[in-house]
Structure formats: C-alpha cells, structure tokens
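Following: one structure in structure tokens, then a few remarks.
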Amino acid sequence: MTRPEQILTTLLNVAHDWNGPIDEAILHAQINSRVQPEPEISEFRHALRTAENEGWVSKVDSKRRGMLWTITHKGEAERIK
C-alpha cells in the first residue's frame with residue numbers, strides 16, 4: 001500500500017470509528033496518531049479532497065464547530081474492500 005493509500009484508508013477508518021460528524025482538526029489528529037511518520041498537512045488535505053471527490057465522505061460547515069466530516073455509505077463500502 002502506498003503512503004497516500006495508507007493515509008486515505010486511515011481517514012476512512014477514523015471517520016467510521018467516530019460514528020458521527022468529526023471535526024476536521026480531530027480527524028487530522030487521529031490520523032496523525034495512526035500513521036507514522038505523521039502525515040504533512042498537504043498529505044492530509046490531499047486524502048480529504050480525494051475522499052470528498054470520490055463521495056466517500058461528506059462535509060458540513062458548522063458555525064460553532066467549523067468543518068465537520070462524516071463517512072458516507074459509499075465510503076463504508078470502500079473502507080471494507
């Protein structure tokens with residue numbers, strides 16, 4: 001598995017494990033704790049953009065909590081491949 005694939009897979013697993021909308025900063029911190037060496041912010045953003053473009057995660061902009069992300073049914077299917 002390539003590093004981008006590892007980061008993307010971890011992103012989907014974290015979103016799944018959270019079981020609800022997850023704050024972008026928490027999502028990033030959780031990925032950092034599971035992928036070594038810790039992904040650069042550009043690597044994290046690339047994974048997040050890829051997941052969003054593929055329809056694996058969706059975002060909601062919360063005025064109080066900032067950007068929140070959730071895994072979609074399509075993301076769940078991709079995660080268990």
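Note that the coordinates shown come from a computational prediction; the quantities given were computed from them, not determined experimentally.
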**Request:** Identify the heavy atoms of Leu48 and Leu27 that sit nearest to each other, and give their distance.
**Result:** CD1-CD2, 3.9 Å
**Prompt:** For Val60, what are the other residues in its hydrophobic cluster, where any two members join if their side-chain heavy atoms are less than 4.5 angstrom apart?
**Reply:** none
**Test side chain to side chain contact (heavy atoms under 4.5 Å, CB included) applied to Thr2 - qualifying residues, sequence neighbours left out** = Pro4, Glu5
**Prompt:** side chain to side chain donor-acceptor pair (under 3.5 Å) with Thr70: which residues, sequence neighbours excluded?
**Reply:** Ser58
**Asked** How close do Gly55 and Thr72 get, heavy atom to heavy atom, and via which atoms?
**Response** O-OG1, 2.6 Å
Validation: residues 29-36 side-chain donor-acceptor distances under 3.5 Å, sequence neighbours left out:
{"from": "Ser33", "atom 1": "OG", "to": "Gln30", "atom 2": "O", "distance (Å)": "2.8"}
{"from": "Arg34", "atom 1": "NH1", "to": "Asp17", "atom 2": "OD2", "distance (Å)": "3.2"}
{"from": "Gln36", "atom 1": "NE2", "to": "Asn32", "atom 2": "O", "distance (Å)": "3.1"}

**Request:** Sort and list the pairs that fulfil ring pair (Phe, Tyr, Trp, His ring centres under 6.0 Å) and have at least one residue in residues 37-62, not counting sequence neighbours.
**Result:** His28-Phe44
**Request:** Can you sort out the partners of Glu76 under salt bridge (charged side-chain N to carboxylate O under 4.0 Å, His left out), two or more places apart, ordered by chain and number?
**Result:** Arg79
**Message:** Would the distance check show the side chain of Ser62 and the main-chain N or O of Met67 forming a donor-acceptor pair, the cut-off being under 3.5 Å?
**Reply:** no
**Request:** Check Gly75 against Leu12 and note the closest heavy-atom contact, atom names and distance.
**Result:** O-CD1, 4.2 Å
**Request:** Check whether more than 12 heavy atoms from other residues, nucleotides or ligands sit under 6.0 Å from atom CG of Asn19, and answer yes or no.
**Result:** no
**Message:** Considering only residues two or more places apart or on different chains, which pairs with a residue in residues 36-47 satisfy salt bridge (charged side-chain N to carboxylate O under 4.0 Å, His left out)?
**Reply:** Arg3-Glu43, Glu24-Arg45
**Counterpart residues, side chain to side chain donor-acceptor pair (under 3.5 Å), relative to Gln6 (two or more places apart)** = none
**Request:** Could you note down all residue pairs passing salt bridge (charged side-chain N to carboxylate O under 4.0 Å, His left out) where residues 46-57 supplies at least one of them, sequence neighbours left out?
**Result:** Glu52-Lys59
**Hydrophobic cluster identity match, Ile41 and Leu11, side-chain contacts under 4.5 Å** = yes
**Prompt:** If you group Ile, Leu, Val, Met, Phe, Trp and Tyr by side-chain heavy-atom gaps below 4.5 Å, do Ile22 and Leu68 land in one group?
**Reply:** no
